[in-house]
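Computed from a prediction, not measured in an experiment: that's the story for all the values here.
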Amino acid sequence: MIVILKENTSAQAMEQVVGNFKSFGFDVHISHGSTHTILGLIGDTGKLDIDQIKMFECVDDVKRIQEPFKNANRKFHPLDTVVKVKDAVIGGGGMTVIAGPCSVESEEQIITVARSVKASGAKLLRGGAFKPRTSPYAFQGLREEGIRLLLEAKKDTGLPIVTEIMDLSQLDLFTDVDVIQVGARNMQNFELLKQLGHTDKPILLKRGLANTYQELLMSAEYIMAFGNENVILCERGIRTFENYTRNTLDISAVPVLKKLSHLPVIVDPSHAVGFAEFVMPLSLAAIAAGADGLIIEVHNNPSCARCDGMQSLTPEAFDKTVKKLNRLKAALTED
């Protein structure tokens with residue numbers, strides 16, 4: 001349920017209404033808009049009498065919300081959430097590019113890539129230390145050493161780092177990581193999501209390869225319900241009957257998620273398509289659809305990559321892609 005307060009409601013009147021709801025056991029999410037303040041009531045509101053709530057002099061309107069996700073719901077929070085990571089800003093109409101290799105392989109490799117993507121305009125460095133692989137015989141990542149090397153690249157370039165967590169037991173290793181990524185396979189690992197809700201780090205939450213928009217938002221709700229509101233949604237392609245590409249990029253997820261939720265939405269074209277030659281057009285399509293940013297795989301020598309080399313851009317191709325993205329974003333902003 002949302003309660004819309006009248007314009008120019010005093011702080012004292014708002015505190016009285018909020019206190020009243022809290023006395024009945026509800027959590028209250030307060031969102032200050034340009035003209036109105038909206039109170040989002042979280043809890044079982046089925047027995048609340050709307051007419052009785054309207055009797056408060058400062059209440060303008062009351063509406064019931066049917067969707068089960070409350071914290072992530074745009075109706076509770078009409079303004080876009082902006083997630084700040086050091087000097088990087090994700091959300092609010094900007095375009096933030098996260099780039100780096102699928103997996104961290106060596107100090108030379110990760111620092112070389114970090115320097116090149118920063119020079120091209122990337123604001124954050126991605127790199128896998130723990131790698132969930134379909135085959136138990138495939139490269140599983142450098143694990144703790146991978147995080148150490150990412151931190152070395154951060155020290156060298158100043159870029160905040162983004163890397164994936166796979167299990168609760170790894171959480172202590174992520175103390176100095178700037179953004180914790182939850183991969184598609186862990187999108188519904190609810191115990192992990194609960195614990196990430198207790199952290200103060202931004203969470204990049206990828207959509208599962210066969211999950212609906214509502215299921216993605218409910219996973220975000222798990223994180224937010226436990227106190228962490230810095231969630232970034234990521235569309236990374238879904239499994240369909242098409243097998244020419246690795247997955248099928250659901251570009252409609254961008255405008256739909258942005259309508260349903262105030263959380264920033266980014267797109268991972270690399271995992272969606274699986275081939276480097278298609279990453280640029282999908283990146284352009286994502287920004288044209290309204291995405292707040294992209295997470296793109298870049299490797300200094302894709303043919304020798306230990307993981308996902310076919311979908312990784314070279315530094316030169318990444319630089320060309322970013323230049324095109326900047327021109328597109330400038331054109332869209334002018335309109």
Counting distance only, does the side-chain N/O of [X] pair as donor-acceptor with the main-chain N or O of [Y] below 3.5 Å?
{"X": "Glu229", "Y": "Gly227", "answer": "no"}
{"X": "Ser261", "Y": "Ala72", "answer": "yes"}
{"X": "Gln195", "Y": "Glu191", "answer": "no"}
{"X": "Thr157", "Y": "Ala153", "answer": "yes"}
{"X": "Thr163", "Y": "Gly127", "answer": "yes"}
{"X": "Glu215", "Y": "Thr212", "answer": "yes"}
{"X": "Ser219", "Y": "Met187", "answer": "yes"}
{"X": "Thr175", "Y": "Asp172", "answer": "yes"}
{"X": "Glu221", "Y": "Lys70", "answer": "yes"}

Are more than 12 heavy atoms from other residues, nucleotides or ligands located less than 6.0 Å from atom [atom1] of [X]?
{"X": "Gln52", "atom1": "CD", "answer": "no"}
{"X": "Asp200", "atom1": "CG", "answer": "no"}
{"X": "Arg64", "atom1": "CZ", "answer": "yes"}
{"X": "Lys123", "atom1": "NZ", "answer": "no"}
{"X": "Lys194", "atom1": "NZ", "answer": "yes"}

Chi angles and distances behind the side-chain contact (heavy atoms from CB on, under 4.5 Å) call for Leu204, Val182 = CA-CA 6 Å; Leu204 195 161; Val182 176; over 6 Å; no
Considering all heavy atoms, the nearest [X]-[Y] contact:
{"X": "Lys201", "Y": "Asp178", "value": "CB-O, 4.2 Å"}
{"X": "Val267", "Y": "Leu249", "value": "CG1-CD1, 3.8 Å"}
{"X": "Val113", "Y": "Val298", "value": "CG1-O, 3.6 Å"}
{"X": "Lys131", "Y": "Phe139", "value": "CB-O, 4.0 Å"}
{"X": "Leu41", "Y": "Thr45", "value": "CB-CG2, 4.0 Å"}
{"X": "Cys234", "Y": "Ile295", "value": "SG-CG2, 4.0 Å"}

In the single-linkage hydrophobic clustering (I, L, V, M, F, W, Y; side-chain heavy atoms under 4.5 Å), do [X] and [Y] co-cluster?
{"X": "Val85", "Y": "Ile223", "result": "no"}
{"X": "Ile296", "Y": "Leu284", "result": "yes"}
{"X": "Tyr213", "Y": "Met218", "result": "yes"}
{"X": "Val18", "Y": "Ile42", "result": "no"}
{"X": "Ile180", "Y": "Leu149", "result": "yes"}

Residues pairing under salt bridge (charged side-chain N to carboxylate O under 4.0 Å, His left out) where one sits in residues 311-322, two or more places apart or in two chains, turn out to be Asp319-Lys323
Which pairs count as salt bridge (charged side-chain N to carboxylate O under 4.0 Å, His left out) when at least one residue sits in residues 5-29, sequence neighbours excluded?
-> none
Enumerate the residue pairs fulfilling ring pair (Phe, Tyr, Trp, His ring centres under 6.0 Å) with a member in residues 38-65, sequence neighbours excluded, ordered by first and then second residue.
-> none
Ring pair (Phe, Tyr, Trp, His ring centres under 6.0 Å) pairs, two or more places apart, involving residues 71-99 = His29-His77, His77-His262
Begin with the C-alpha distance, continue with both residues' side-chain angles, and end with the deciding distance and a verdict on salt bridge (charged side-chain N to carboxylate O under 4.0 Å, His left out) for Lys75 and Glu67.
-> CA-CA 10 Å; Lys75 293 175 183 176; Glu67 296 93 343; 3.4 Å; yes
Take Asp250 and Thr248, measure what side-chain hydrogen bond (donor to acceptor under 3.5 Å, both in side chains) needs, and give me the verdict at the end.
-> CA-CA 6 Å; Asp250 182 8; Thr248 298; over 6 Å; no
Decide side-chain contact (heavy atoms from CB on, under 4.5 Å) for Ser116 and Asn300; before the verdict, give the C-alpha distance in whole Å, the side-chain angles of both, and the deciding distance to 0.1 Å.
-> CA-CA 9 Å; Ser116 67; Asn300 57 321; over 6 Å; no
Trace of the salt bridge (charged side-chain N to carboxylate O under 4.0 Å, His left out) decision for Asp60 with Lys54 = CA-CA 7 Å; Asp60 186 41; Lys54 287 181 177 179; over 6 Å; no
Please tell me if the side chains of [X] and [Y] come closer than 4.5 Å, counting only heavy atoms from C-beta onward.
{"X": "Leu124", "Y": "Val179", "result": "yes"}
{"X": "Ile110", "Y": "Pro101", "result": "yes"}
{"X": "Ile266", "Y": "Ile232", "result": "yes"}
{"X": "Leu260", "Y": "Leu217", "result": "yes"}
{"X": "Ile30", "Y": "Leu39", "result": "yes"}
{"X": "Val279", "Y": "Leu282", "result": "no"}
{"X": "Val97", "Y": "Phe318", "result": "yes"}
{"X": "Lys154", "Y": "Leu125", "result": "no"}

How long is the span from the [atom1] atom in [X] to the [atom2] atom in [Y], to the nearest 0.5 Å?
{"X": "Ile203", "Y": "Leu233", "atom1": "CD1", "atom2": "CG", "value": "12.0 Å"}
{"X": "Ile90", "Y": "Ile98", "atom1": "CD1", "atom2": "CD1", "value": "4.5 Å"}
{"X": "Gln181", "Y": "Met166", "atom1": "CD", "atom2": "CE", "value": "11.5 Å"}
{"X": "Asn20", "Y": "Ile53", "atom1": "CG", "atom2": "CD1", "value": "8.5 Å"}
{"X": "Glu57", "Y": "Leu5", "atom1": "CD", "atom2": "CG", "value": "12.0 Å"}
{"X": "Ile161", "Y": "Ile147", "atom1": "CD1", "atom2": "CD1", "value": "7.5 Å"}

Only counting residues at least two apart or in another chain, list the ones meeting ring-ring contact (aromatic ring centres under 6.0 Å, His included) with Phe190.
->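 In terms of ring-ring contact (aromatic ring centres under 6.0 Å, His included), with neighbours along the sequence ignored, Phe190 is linked to Tyr222.
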List the steps, then state whether side-chain contact (heavy atoms from CB on, under 4.5 Å) holds for Lys259 with Arg74.
-> CA-CA 7 Å; Lys259 177 181 179 180; Arg74 184 173 286 280; 5.9 Å; no
Apply the salt bridge (Lys or Arg N to Asp or Glu O under 4.0 Å) test between Asp268 and each candidate in Arg207, Lys206, Arg246, Arg236; give the one that qualifies.
->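 It is Lys206; the other options fail the test.
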What residues, two or more places apart in sequence or in another chain, satisfy side-chain contact (heavy atoms from CB on, under 4.5 Å) together with Ala305?
-> Glu105, His299
Determine whether the side chains of Gln311 and Asp308 contain a donor N or O and an acceptor N or O closer than 3.5 Å.
-> yes
